[in-house]
Asks: 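My questions all concern the structure below.
Start at 1 with the first residue, then count along the sequence.
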Amino acid sequence: MEATGQKGGLKAKVQRLGSHLSGMVMPNIGGFIAWGVITALFIPDGYIPNEQLATLVGPMLSYLLPLLIAYTGGSMVHGQRGAVVGAIAATGVIVGSEVPMFIGAMIMGPLGGWCIKKFDDAFQTKIKAGFEMLVNNFSSGLIGFALAVLGFYAIGPVVSSLTELMASGVESIINMHLLPLANIFIEPAKILFLNNAINHGILTPLGIEQAAEAGKSVLFLLEANPGPGLGILLAFTLFGKGAAKSSAPGAIIIQFLGGIHEIYFPYVMMKPLLFLAVMAGGVAGTFTFQLLGAGLRAAASPGSIIAVMAMTPPDSILANLAGIIVGCAVSFLVAMIIIKSDNSEEDDLAANQAAMADAKAQAKGQSAVKADNQEMFGNINKIIFACDAGMGSSAMGASVLRDKVKKAGLSLPVSNSAINNLNDDPNALIVTQEELHDRASQKAPSATFVQVENFMNSPRYDEIVERLSAEPVGDTEKKPLTDNVVEGLADYSKVEHIIFGYDKVKGSANMGATILKKLLKDNNLSYPVAVAAINSLKDETNALIITNSAETVQAEQQAPSATHVPLSDLVASEKYDKVIENLRNK
């Protein structure tokens, strides 16, 4: 595949690093917003000063937000166990430092997940039956303890010093009035899908520390400023041609009000000179922000005018609006000159996207919607839109295709996901932007891929629906899920291994697995039995997944091709005898 040759590319490596950083922050943006709202309302300079409620600000900043980041980072590496160890480990750097330890949490969270993952890989299969819970609990506790001590004495002070050094560097740039130059790099990087890496991986942690001291930070506005993108779309609305002109007004609503900046990226890439327009708009906007003393209480995510104003302190309303308006005006003027000087007869956005996709496909000897590694769509049973963060643009694209699939009478589920959360599923059709295809294909090399330039307006969607409608989808003879949820009466003909799935409480699943292992041994049956978190299940046709009845629907959604057996009591279930009987007679 083409992706293999580019795997070591610098941009792909930066995207992967940025994706891991932003992947720890973005799921917890609600926490940052809650902190920002509390700060904006209740501190002495807030809208509604309240001395008692203002006491929430410090603990949330110092403890809650870093722990959420660490918990998420550990979960990304090794599920629930990784999340717990990551949070314990992060406590060491949090307590061992006097500054908010966001960067330390981004280090200790994944490190804790990695350490417990390596332990499980080495010892999970060697644990004696009945000792699983004891070993699992003590291993996570002791590894977390060791990492917390390490973080307190070693990592915390180092990260604290580096954080203070970076903060001093940013402060120096601000004092030298050079901060606007940062947008020369930020704006092009956004369009190369590094926006989440820049905003949530770098600017947000530094901005939070500034806001804690000064009550606001201009760093929150550098990437989130919707002005430059709005200027581009306004220029296409007034001076564009063809599909680009007709689609730009709708894109304005999505970009400016919805905060999905990715919507204007294809418009810029269609005319590369427009990079100058967004760079000029970004520099002008940031210059205005800095000149007038603009700033936000907390991160505005998504970068919507609504989110920006919600995070704006009272003394910065005019300054923030001025920076957005100036950024929009400058971007609009430069884009207008570039678009009007282009003598091409039509700016057909869809045609450009289709032509580029066809050219790439023809170079590989494939049709436009044919996968890089699949000949047919006949084995597809789900469609996943994958982007950097799994929100925003991919959610919008999934909504568009979901509507088309529904109107075509197809019953395929259409969802959206972060690239880091993809599983290698040969029955999945993954739709991703061309810039992100390399990383997505590394996470799921067996899946079928379709690359698009614009999630919102791609001609590929009609072709996908046409192909899926013309071919059998998935295993047409497979029984519906409801046939598999009758206790003990599921289809066992394809079962090769057994998994006890759990959501939050692992104890009963461990006990159930121990009971079934003994029954299998007594009946001379050699089926592997494992215990796994439901959110880590893979969609396998040869798996028998046993869950508590209340959690079966969640397991079915995670692994729809598997055989599912719900039990009201995993520890004292009489249905295990029926499971054994069915396995013997399959």
Asks: So, for Val93 and Ala105, which heavy atoms are closest and what is the spacing to 0.1 Å?
Replies: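 The answer is CG2-N, 4.4 Å.
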Asks: Kindly compute the distance separating CG (Asp522) from CG (Leu520), expressed to the nearest 0.5 Å.
Replies: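 One gets 9.0 Å once the value is rounded to the nearest 0.5 Å.
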Asks: What are the two closest non-hydrogen atoms of Gly86 and Ala70, and how far apart are they?
Replies: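 Answer, listing the atom of Gly86 first, then Ala70: O-CB, 3.7 Å.
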Asks: Would you list the pairs meeting side chain to side chain donor-acceptor pair (under 3.5 Å) in which at least one residue belongs to residues 55-73, sequence neighbours left out?
Replies: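 Listed by first then second residue: Asn28-Thr72, Tyr71-Gln80.
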Asks: Find out whether Ser441 and Phe449 are in side-chain contact, i.e. whether some heavy atom of one side chain is under 4.5 Å from a heavy atom of the other.
Replies: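 Answer yes - side chains close enough.
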Asks: About how many Å separate OG1 of Thr541 and CG of Asp539, when rounded to the nearest 0.5 Å?
Replies: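 If I round to the nearest 0.5 Å, the distance is 8.0 Å.
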Asks: The test is side chain to side chain contact (heavy atoms under 4.5 Å, CB included); show your working for Leu67 and Thr91 and say whether it passes.
Replies: CA-CA 7 Å; Leu67 284 174; Thr91 306; 3.8 Å; yes
Asks: Would you check if the side chain of Thr432 reaches a backbone N or O of Ala386 as a donor-acceptor pair within less than 3.5 Å?
Replies: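 Such a contact is found between Thr432 side chain and Ala386 backbone.
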Asks: Taking the side chain as every heavy atom from C-beta outward, state whether Leu537 and Ile499 have any atom pair closer than 4.5 Å.
Replies: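 Yes, side chains in contact.
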Asks: Any heavy-atom pair between the side chains of Leu567 and Tyr576 that's under 4.5 Å?
Replies: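 They are in contact (side-chain heavy atoms under 4.5 Å apart), so the answer is yes.
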Asks: Please report the interatomic distance CD1(Ile69) to CD1(Ile107), rounded to the nearest 0.5 Å.
Replies: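 If we round to the nearest 0.5 Å, Ile69:CD1 and Ile107:CD1 are 12.0 Å apart.
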Asks: Minimum heavy-atom separation for Ala224 and Ala300, please, with both atom names.
Replies: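 Heavy atoms of Ala224 and Ala300 come nearest at CB-O, 4.0 Å.
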Asks: Pro66 and Met60: which non-hydrogen atoms are nearest, and at how many Å?
Replies: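 So the two residues come closest at CD-O, 4.2 Å.
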Asks: What is the minimum heavy-atom distance between Pro157 and Ala154, and which atoms define it?
Replies: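 For Pro157 versus Ala154, the nearest heavy atoms are CD-O, 3.5 Å.
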Asks: Would you check if Leu583 and Asn523 make a side-chain contact, meaning some heavy-atom pair closer than 4.5 Å?
Replies: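 Side-chain contact under 4.5 Å: no.
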Asks: If the condition is side-chain hydrogen bond (donor to acceptor under 3.5 Å, both in side chains), which residues does Thr547 pass it with, not counting sequence neighbours?
Replies: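 Thr547: side-chain hydrogen bond (donor to acceptor under 3.5 Å, both in side chains) contacts with Thr552.
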Asks: How far does CG of Leu401 sit from CG of Leu429, to the nearest 0.5 angstrom?
Replies: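 Leu401 CG to Leu429 CG: 8.0 Å, rounded to 0.5 Å.
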Asks: Can you measure from CD1 (Ile116) to CG (Leu111) and round to the nearest 0.5 angstrom?
Replies: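 Between atom CD1 of Ile116 and atom CG of Leu111 there are 11.5 Å.
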Asks: Going by heavy atoms in the side chains, are Val400 and Tyr461 under 4.5 Å from each other?
Replies: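 In contact.
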Asks: Under the side chain to side chain contact (heavy atoms under 4.5 Å, CB included) rule, what do Leu519 and Leu525 come out as? Steps first, then yes or no, please.
Replies: CA-CA 8 Å; Leu519 290 174; Leu525 296 173; over 6 Å; no
Asks: Restricting to ring pair (Phe, Tyr, Trp, His ring centres under 6.0 Å), what partner residues turn up for Phe119, sequence neighbours left out?
Replies: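 Applying ring pair (Phe, Tyr, Trp, His ring centres under 6.0 Å) to Phe119 gives Phe123.
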Asks: Are any of the side-chain heavy atoms of His497 and Tyr527 separated by less than 4.5 Å?
Replies: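 No, too far: nothing below the 4.5 Å cut-off.
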Asks: Test of understanding: with side-chain hydrogen bond (donor to acceptor under 3.5 Å, both in side chains), list the residues that count as partners of Lys521, not counting sequence neighbours.
Replies: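 Lys521 satisfies side-chain hydrogen bond (donor to acceptor under 3.5 Å, both in side chains) with no other residue.
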Asks: Does any N or O in the side chain of Glu551 come within less than 3.5 Å of the main-chain N or O of Tyr502, such that one atom is a donor and the other an acceptor?
Replies: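 Answer holds: no.
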Asks: Can you check side chain to side chain contact (heavy atoms under 4.5 Å, CB included) on Ile464 and Val450, steps first, answer last?
Replies: CA-CA 9 Å; Ile464 291 172; Val450 171; 3.9 Å; yes
Asks: Nearest heavy-atom pair of Ile534 and Gln554: which atoms, and what distance?
Replies: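 That closest heavy-atom pairing would be CG2-CG, 3.7 Å.
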Asks: Checking Gln558 side chain against Asn535 main chain: does a donor-acceptor pair fall under 3.5 Å?
Replies: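 A pair under 3.5 Å: yes.
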Asks: Can you find a heavy atom in the side chain of Ile383 that is under 4.5 Å from one in the side chain of Ile430?
Replies: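 Of all side-chain heavy-atom pairs linking Ile430 with Ile383, none is under 4.5 Å.
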Asks: Identify each donor-acceptor pair in which a side-chain atom of residues 138-147 lies under 3.5 Å from a protein atom, sequence neighbours left out, and give them as a table.
Replies:
unit_1 : atom_1 : unit_2 : atom_2 : d
Ser139 : OG     : Arg81  : NH2    : 3.0
Ser139 : OG     : Val135 : O      : 2.9
Ser139 : OG     : Asn136 : O      : 2.9
Ser140 : OG     : Asn136 : O      : 3.1
Ser140 : OG     : Asn137 : O      : 3.0

Asks: Could you check whether any side-chain heavy atom of Leu516 comes within less than 4.5 Å of a side-chain heavy atom of Ile580, counting everything from C-beta outward?
Replies: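 Heavy-atom side-chain distance check passes, below 4.5 Å.
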Asks: I'd like to check the side-chain contact (heavy atoms from CB on, under 4.5 Å) partners of Lys117; sequence neighbours left out, ordered by chain and number.
Replies: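 Residues passing side-chain contact (heavy atoms from CB on, under 4.5 Å) with Lys117: Val77, His78, Asp121.
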